There are 2 protein chains.
Amino acid sequence: MATDRTDEGVGMGESGRPRRATVLDVAKAAGVSSATVSRVLNANYPVAEATRTRVQKAMDELGYVVNAHARALAGATGRTVGIIVNDVTDPFYAYIARGVERQATRAGRLCLVCSTQGEPARELAFVDMLHERRADAVILVGGSYDNKGYATELAARARAMAHQDGPTLVLCGRPSLGPDVPTAVVEYDNEGGGFALTDHLLSQEHRRILFLGGPPGLSTTRGRIAGHHRALRLRGIEPDPLLQQTGAFNRRFGYERTRDLLKAGRPSFTAVFGANDHVAAGAVQAIEEAGLRIPGDLSVAGYDNVPLTRDLRPQLTTVHIPLEEMGAEAVRRVLRDPDEDSNSPAPGRTVRLGTHVVVRDSVAPPSRR
Amino acid sequence: MATDRTDEGVGMGESGRPRRATVLDVAKAAGVSSATVSRVLNANYPVAEATRTRVQKAMDELGYVVNAHARALAGATGRTVGIIVNDVTDPFYAYIARGVERQATRAGRLCLVCSTQGEPARELAFVDMLHERRADAVILVGGSYDNKGYATELAARARAMAHQDGPTLVLCGRPSLGPDVPTAVVEYDNEGGGFALTDHLLSQEHRRILFLGGPPGLSTTRGRIAGHHRALRLRGIEPDPLLQQTGAFNRRFGYERTRDLLKAGRPSFTAVFGANDHVAAGAVQAIEEAGLRIPGDLSVAGYDNVPLTRDLRPQLTTVHIPLEEMGAEAVRRVLRDPDEDSNSPAPGRTVRLGTHVVVRDSVAPPSRR
DNA sequence: CTGAAAGCGCTAACAT
DNA sequence: ATGTTAGCGCTTTCAG
């Protein structure tokens with residue numbers, strides 16, 4: 001394929017292999033200097049109309065394509081935003097990624113998506129690669145585990161990158177690394193959401209609520225549980241450890257654990273608070289298979305408000321998170337929106353987005369028995 | 001942030017701004033030449049153990065980070081695979097993207113994800129940007145519209161890129177641009193799937209089948225319809241134009257169109273063939289709201305086999321497409337798998353993956369009335 | 001408005 | 001095993 005004989009212009013070297021046109025080739029063809037070519041390329045400097053068209057024509061004829069690497073090397077940035085997620089097929093990440101993509105595009109950047117495929121250890125490697133590529137921002141998405149060593153490593157990266165004015169590290173949906181670590185952070189209120197949802201359940205007279213799923217050490221899980229506990233205690237209910245079954249964020253965990261709990265006899269709870277919507281969907285399936293009705297026999301609520309919540313029957317009560325907006329905000333922390341009021345104040349380094357309960361049909365007062 | 005005073009090593013120029021360490025700085029600090037530093041960096045050439053450690057130490061102390069752009073410029077490739085999709089939040093694309101990501105990672109590449117956000121016109125711009133970045137491959141995902149001018153443009157890009165041995169264009173789930181256009185292609189059998197699913201419906205005694213959704217000009221839609229028609233004719237049924245309602249690939253279209261059709265009185269069809277699972281989900285909702293039962297009153301089938309199909313009740317009969325595998329194959333067309341039998345034959349430029357019907361609970365013989 | 005020339009940071013011959 | 005050196009393709013002062 002590469003040895004196509006229809007050589008169009010640039011000429012091949014002695015080797016007979018086609019060579020890419022460079023600014024110099026264009027310059028020669030147009031009878032100008034490479035500097036002038038660069039100027040029409042970037043349109044950042046006055047160039048005579050006639051010259052410009054001559055250069056443009058030469059570019060077209062030679063099939064010239066700038067080399068982004070040479071360009072990045074010569075000065076500018078990499079014009080790239082990097083985003084690191086767990087799994088692109090999980091809507092939680094996909095919607096955040098979409099927000100990042102949208103906003104990055106507005107800012108004239110391309111979006112490098114890295115997936116750790118569930119291995120947090122790969123995060124650091126990706127951070128390094130993005131640093132090597134001189135990305136403008138490295139956005140870390142989703143909760144983190146409470147691991148001192150890891151946090152130190154990450155903080156060191158953040159410092160090194162800031163120090164060399166490399167990429168800015170942005171924490172998106174993950175707690176800050178501390179006030180002295182140079183990062184931007186986009187948070188949403190897990191504690192508040194956990195509180196609000198639990199309060200909703202309590203207001204429907206539920207007193208025995210099963211908190212189900214979420215990796216136990218993950219900041220996200222911990223936040224949601226913290227809010228859950230606060231709401232409980234506010235009504236004088238001491239959290240029962242047996243009603244707190246953490247594990248994972250997936251459907252299977254929700255299904256299996258609920259099934260097992262239901263198999264053990266009459267459930268000791270009247271409502272399930274799924275740590276996220278997938279877990280809740282699993283619980284719904286197990287409940288359905290056990291021949292119980294939702295919300296008649298058991299109430300179920302989720303968290304995240306992904307589209308799945310509307311495909312379930314009954315539709316799932318959940319907590320809405322502005323996922324796409326979070327992604328966009330992450331980029332805005334670092335890159336100013338070009339078509340925004342240009343003398344508006346520079347964005348702060350950290351922002352906290354609100355969440356709210358979305359009431360649908362999967363929660364009702366428990367039946368009296 | 002960038003004016004952190006704790007300068008660690010490299011020293012600032014007269015300007016007082018920290019400067020990034022380069023191979024030369026490392027070389028100086030380790031008392032070797034830049035070539036040696038490059039050698040330990042790439043581990044592609046023998047270097048004395050003692051020297052290596054000395055260099056490593058210097059790198060650590062200086063906080064050295066290679067510049068991927070300089071590296072790419074100096075010879076090597078961009079070490080990047082680009083993928084262009086419509087929408088990252090659509091599972092169809094997300095799963096393909098995951099396959100691409102996985103395989104790209106195996107081949108030591110990073111994955112640049114570009115989303116056209118539903119505007120096919122942006123595809124070409126992305127192709128150009130990826131060319132500029134010297135990606136190894138540019139993977140175009142999903143069906144295409146039958147547009148002569150556009151195809152010509154794309155073919156020109158493919159030729160130019162091949163000619164300059166730039167990125168290889170890979171068509172993933174989209175028809176070839178012709179045998180003379182240098183691209184790789186990963187197909188799956190839309191016609192065959194449409195045939196198989198329709199045949200399944202026919203085998204359940206359905207004779208009036210509504211084909212619903214899919215952008216009318218899209219290759220994907222056309223393929224599925226073609227198979228649908230072939231199956232119909234094979235049983236001596238002439239396709240009824242009234243039973244072919246194309247439009248879009250989303251849930252809303254499926255919902256609204258089905259609702260309207262049902263409002264018009266007793267439906268003239270006994271089964272719905274949704275052009276994809278989202279459309280089918282919309283149809284399911286409309287049918288449910290009309291007070292009809294699935295599959296008792298009406299059967300519904302989808303296409304793609306995305307996870308949603310298992311959240312619906314009844315679970316949806318559909319056609320499985322190996323989405324993730326398609327993404328992986330797209331990368332394999334271009335980049336050899338490193339830990340694969342190294343003397344296995346080079347992969348062909350085009351491959352066609354199979355699909356199959358997944359029978360679940362949304363299809364049953366029509367009730368006799 | 002345009003040109004000349006000095007890098008940007010790295011790799012890969014070619015020497016030693 | 002290690003050093004020297006010539007670029008890779010572009011941008012950007014600095015002159016004119």
Side-chain angles (χ1 to χ4, degrees), chain A residues 10 13 15 17-56 58-59 62-79 131-134 164-166, chain B residues 10 13 15 17-56 58-59 62-79 131-134 164-166:
Chain A
V10 192
S15 64
R17 300 263 306 98
R19 200 173 52 81
R20 264 190 255 276
T22 72
V23 267
L24 224 74
D25 297 315
V26 176
K28 215 163 293 169
V32 298
S33 77
S34 68
T36 301
V37 176
S38 173
R39 284 173 191 132
V40 342
L41 221 40
N42 296 293
N44 56 357
Y45 218 80
V47 173
E49 191 48 37
T51 327
R52 182 201 312 294
T53 50
R54 201 143 33 87
V55 172
Q56 291 283 19
M59 286 182 177
L62 296 179
Y64 172 77
V65 175
V66 290
N67 183 321
H69 297 297
R71 183 177 262 183
L73 182 56
T77 140
R79 308 237 111 215
H131 184 183
E132 289 173 9
R133 288 175 186 238
R134 304 297 185 259
Q164 308 173 10
D165 71 14
Chain B
V10 190
S15 67
R17 300 264 305 99
R19 201 174 50 82
R20 263 190 257 276
T22 72
V23 268
L24 226 74
D25 296 315
V26 176
K28 214 163 293 169
V32 298
S33 76
S34 67
T36 302
V37 176
S38 173
R39 284 170 191 132
V40 342
L41 221 41
N42 296 292
N44 56 357
Y45 220 79
V47 173
E49 191 49 36
T51 328
R52 180 199 313 292
T53 51
R54 203 145 30 87
V55 172
Q56 293 282 19
M59 286 181 175
L62 296 180
Y64 172 77
V65 176
V66 291
N67 184 321
H69 297 296
R71 184 177 262 181
L73 183 56
T77 141
R79 308 235 110 215
H131 184 183
E132 289 174 9
R133 288 176 187 237
R134 304 297 185 259
Q164 309 174 8
D165 71 15

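Here the structure is a predicted model, which is why all the values come from computation and not from measurement. Note on naming: letters A, B, ... go to the chains in the order of the sequence lines (proteins, then strands), and numbering restarts at 1 for each one.
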Table of protein N/O atoms under 3.5 Å from nucleotides 6-8 of chain C N/O atoms:
from	atom 1	to	atom 2	distance (Å)
C:dC8	O2	A:A74	N	3.4

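Distances were taken from every side-chain heavy atom of B:Y64 (C-beta onward) to each of D:dC10, C:dC10, D:dT11; the shortest belongs to C:dC10. Of the candidate nucleotides C:dT2, D:dA1, C:dG9, C:dT2 has the atom lying nearest to any side-chain atom of A:R39. Listed nucleotides C:dT11, C:dT2, C:dG3 differ in distance to A:V47; the shortest reach to its side chain belongs to C:dT2. Of all nucleotides listed (D:dA1, C:dC10, D:dG3), D:dA1 comes nearest to the side chain of B:P46.
No contact: B:V37 has no heavy atom under 4.0 Å from any strand. Here B:A48 lies in heavy-atom contact (under 4.0 Å) with sugar-phosphate atoms only.
Considering only side-chain N and O atoms, A:T36 lies under 4.0 angstrom from the phosphate OP1 or OP2 of C:dG3.
In this structure, the side chains of B:E132 and A:R79 stay at 4.5 Å or more apart for every pair of heavy atoms.
With hydrogens and angles ignored, the 3.5 Å screen pairs no side-chain donor or acceptor of B:R39 with any backbone N or O of B:Y45. Side-chain atoms of A:H69 never come within 3.5 Å of backbone atoms of B:A70 as a donor-acceptor pair (strictly under, hydrogens ignored).
Summary of the strand contacts: A:A68 and B:A35 both lie near DNA chain D, and taking for each the nucleotide with the nearest heavy atom, the more 5' one is attributed to B:A35.
Spacing between atom CD of B:E132 and atom C1' of D:dC8 amounts to 17 Å, rounded to whole angstrom units.
Side-chain N/O atoms of A:R134 and base N/O atoms of C:dG9 include no donor-acceptor pair closer than 3.5 Å.
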